[in-house]
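Given the structure is predicted, the values throughout are model-derived calculations rather than measurements.
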Amino acid sequence: MSCLNLKVIDMLLDTSRILRKPQYTMASEVPLVLQSCEFDNIKFMCSSDAGEALRVHLVNECQIYQLQAAIFHEALLNCVPLSNDQSLLPFQGSKKKVSHVPLMSRPTEPSYEERRAKLNTIA
């Protein structure tokens, strides 16, 4: 982790300076893959039947995603007018321009005290 990230984390954890958590959207979990995991003094074993069942499951999942991709691609071809010299390639076309908002300039969540006060007025 870079020194800059540690400074931001330290700043956000200083509740006397930062009373409210900045709002931010969570990143997509789709590209996250747990590739390996190690444990001390534990060795996992997988039977050939379990390995084959996993392989069949992954093949089926892959086929489902390929079918969904083909359906979405067909839908795009039928609803997006294209000129003769354009092709529909992944990630091509108009993307919504996302502007970066610095973390400390973002809207914030209510503080702990504000949440408690709201709960007390409801009760």
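- Put simply, the side chain of Glu114 does not reach to within 4.5 Å of the side chain of Glu109, judged on heavy atoms.
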- Task: Apply side-chain contact (heavy atoms from CB on, under 4.5 Å) to the pair Gln63 and Asn60, showing each step before the final yes or no.
- Result: CA-CA 5 Å; Gln63 289 172 344; Asn60 289 336; 3.8 Å; yes
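- The main-chain N or O of Val101 is found under 3.5 Å from a side-chain atom of Arg106 such that the two form a donor-acceptor pair.
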- Task: Give the intermediate values and the outcome of side-chain contact (heavy atoms from CB on, under 4.5 Å) for residues Val56 and Glu52.
- Result: CA-CA 6 Å; Val56 168; Glu52 179 60 17; 3.6 Å; yes
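- Cys46 and Gly51 make their closest contact through SG-N, 3.6 Å (heavy atoms, listed as atom of the first residue, atom of the second, distance).
- Cys62 SG to His57 NE2: the interatomic distance, rounded to the nearest 0.5 Å, is 11.0 Å.
- The shortest distance between side-chain heavy atoms of Asp10 and Asp14 does not fall below 4.5 Å.
- Note on Glu113 versus Arg116: no salt bridge recorded, every NZ/NE/NH1/NH2 to OD/OE distance being 4.0 Å or above.
- In this structure the side chain of Ile64 reaches within 4.5 angstrom of the side chain of Glu61, judged on heavy atoms.
- Scanning both residues, Leu103 and Pro22, for their nearest heavy atoms gives O-CB, 3.5 Å.
- Partners of Phe39 under the ring pair (Phe, Tyr, Trp, His ring centres under 6.0 Å) rule, at least two apart in sequence or in another chain, are Phe44.
- With values rounded to the nearest 0.5 angstrom, Lys7 atom NZ is found 14.5 Å from Leu12 atom CG.
- Evaluation of the salt bridge (charged side-chain N to carboxylate O under 4.0 Å, His left out) test over residues 23-51, restricted to residues two or more places apart or in two chains, returns none.
- Heavy atoms only, all atoms of each residue included: Thr108 and Gln23 are closest at O-NE2, 3.6 Å.
- Taking the side chain as every heavy atom from C-beta outward, Val8 and Met104 never approach each other to under 4.5 Å.
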